[in-house]
Amino acid sequence: MELHKKRYGERMDRAERKRKREAREVHKRAEYARSAIGLKGKMFAKKRHQEKALMKKTIAMHEEKDKKHKADDGAPQNALPAYLLEREQVDRAKVLSNTIKQKRKEKAGKWEVPLPKVRPISEIEMFKVLQSGKRQKKSWKRMITKVTFVGPGFTRKPPKYERFIRPTGLRMTKAHTTHPELKATFCLDIIGIKKNPNGTMFTTLGVVTKGTIIEVNVSELGLVTPGGKVVWGKYAQVTNNPENDGCINAVLLV
């Protein structure tokens with residue numbers, strides 16, 4: 001499209017046609033909202049409601065910069081001349097600082113992760129089918145081909161009943177975790193697997209792939225909460241493919 005534009009240019013009335021199309025779009029959406037019924041209508045109404053709420057919030061935040069309001073304490077901060085004494089004191093409202101916004105996000109449980117999107121891994125790639133039985137005719141066993149984490153008190157099931165086999169060579173208990181603010185990397189113990197982006201089954205099996213959220217033991221870093229308590233566990237996201245590199249590299253979510 002861009003190359004065609006460069007070579008042959010655009011229609012003379014392109015801007016006008018685009019303006020008219022955008023103007024018609026509003027009426028089309030309104031007409032659809034009126035005529036949509038049933039589940040589709042409900043879903044559309046819910047989506048539109050969320051959009052409007054977000055738009056109102058954005059407008060309010062923009063207006064907050066220039067909004068004037070009465071000062072919290074009526075007394076003037078500096079000495080004023082007699083002709084200004086009766087005037088109401090006004091203050092410029094300040095925009096919310098980044099730290100407050102960050103705290104709000106943390107309360108809501110929304111984290112800015114280093115890798116928001118990762119490549120999905122299929123079950124064929126994750127599991128290798130193992131033949132079992134007296135004549136190797138049964139194929140209900142699966143061997144995990146990715147790195148896994150199992151707790152310190154882990155005991156394998158008897159071979160007859162073990163469906164998912166986690167090879168000892170692909171089990172890892174430590175992660176090279178980088179602190180984004182300190183710009184330093186530490187080798188920390190893994191406490192558990194919080195979430196694997198490929199599904200809950202892989203989370204319960206303890207599979208570690210790129211983008212997995214793991215919990216690491218940060219007691220040796222000496223991190224302290226605002227209340228003065230020592231932080232023991234913190235979440236981190238895996239940023240490499242552990243099965244290729246032979247180690248787990250992660251970035252701490254702070």
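Quick caveat, the model's predicted, so the values are computed rather than measured.
Not one N or O on the side chain of Arg24 forms a donor-acceptor pair closer than 3.5 Å with the backbone of Arg19. The backbone N or O of Ala15 lies less than 3.5 Å from no partner atom in the side chain of Lys20, so there is not a single donor-acceptor pair. In this structure, Asn196 contributes its side chain and Gly211 its backbone to no donor-acceptor pair below 3.5 Å.
With salt bridges taken as basic N to acidic carboxylate O contacts below 4.0 Å, one links Arg156 and Glu162. Between Arg34 and Glu31 no salt bridge is recorded (no basic side-chain N to carboxylate O distance below 4.0 Å). Between Glu125 and Lys146 there is a salt bridge, with a side-chain nitrogen of the basic residue lying less than 4.0 Å from a carboxylate oxygen of the acidic one.
Taking the salt bridge (charged side-chain N to carboxylate O under 4.0 Å, His left out) definition, one finds that Glu51 meets it with Arg29, Arg48, sequence neighbours left out. Listed by chain and number, the residues in a ring-ring contact (aromatic ring centres under 6.0 Å, His included) with His27 amount to none (sequence neighbours excluded).
Atom OH in Tyr235 sits 12.0 Å away from atom CG in Leu252 (nearest 0.5 Å). Atoms OG1 and CG, from Thr209 and Asn198 in turn, are 4.5 Å apart once rounded to the nearest 0.5 Å. Note that CE of Met143 is 5.5 Å distant from CG of Leu130, once rounded to the nearest 0.5 Å. Rounded to the nearest 0.5 angstrom, Ile193 CD1 and Thr212 OG1 are separated by 6.5 Å. Taking CZ of Arg119 as the start and NZ of Lys117 as the end, the distance is 15.5 Å to the nearest 0.5 Å. To the nearest 0.5 angstrom, Thr145 atom OG1 is 12.0 Å from Arg142 atom CZ.
Remark: Arg135 CZ is loosely packed, at most 12 non-hydrogen atoms of other residues, nucleotides or ligands lying under 6.0 Å away. Enclosure of atom NZ in Lys6 is not indicated, since only 12 or fewer non-hydrogen atoms of other residues, nucleotides or ligands lie within 6.0 angstrom. When the shell of 6.0 Å around NZ of Lys194 is examined, it contains 12 or fewer heavy atoms from other residues, nucleotides or ligands.
For the pair Val238 and Ile214, the minimum side-chain heavy-atom distance is below 4.5 Å. You'll find the side chain of Glu123 reaches within 4.5 Å of the side chain of Met201, heavy atoms only. By the 4.5 Å heavy-atom criterion applied to side chains, Lys210 and Gln237 are not counted as neighbours.
Tracing side-chain contacts under 4.5 Å through hydrophobic residues (I, L, V, M, F, W, Y), one reaches Met126 starting from Leu205; they form part of the same cluster. Under the 4.5 Å side-chain contact rule for hydrophobic residues, Val216 and Val231 share a cluster. Hydrophobic clustering, with ILVMFWY side chains joined whenever heavy atoms are under 4.5 angstrom apart, groups Ile121 together with Phe164. Using a 4.5 Å cut-off between side-chain heavy atoms of Ile, Leu, Val, Met, Phe, Trp and Tyr, with links allowed through other members, Leu253 and Val118 fall into different hydrophobic clusters.
Residues Arg166 and Val150 come closest through the heavy atom pair NH1-CG1, 3.8 Å. Thr239 approaches Leu115 most closely through the heavy-atom pair CA-CD1, 3.7 Å. The minimum heavy-atom distance between Glu215 and Gly233, with the atom names listed, is OE2-CA, 4.0 Å. When every heavy atom of Pro242 is checked against every heavy atom of Met172, the shortest pair comes out as O-CE, 4.3 Å.
Remark: of the listed residues Leu188, Asp189, Asn217, Leu188 is the sole one forming a side chain to side chain contact (heavy atoms under 4.5 Å, CB included) with Thr177.
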Worksheet item: Passes side chain to side chain contact (heavy atoms under 4.5 Å, CB included), Lys138 versus Gln131? Steps please.
Response: CA-CA 6 Å; Lys138 294 175 182 175; Gln131 305 295 332; over 6 Å; no

Exercise for review: Please test Phe127 against Phe202 for ring pair (Phe, Tyr, Trp, His ring centres under 6.0 Å), starting from the C-alpha separation and ending with a verdict.
Suggested key: CA-CA 11 Å; Phe127 301 124; Phe202 302 129; 5.7 Å; yes

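Two rings, from Phe154 and Phe149, have their centers 6.0 Å or more apart.
Between the side chains of Thr203 and Thr200, not a single donor N or O lies within less than 3.5 Å of an accepting N or O.
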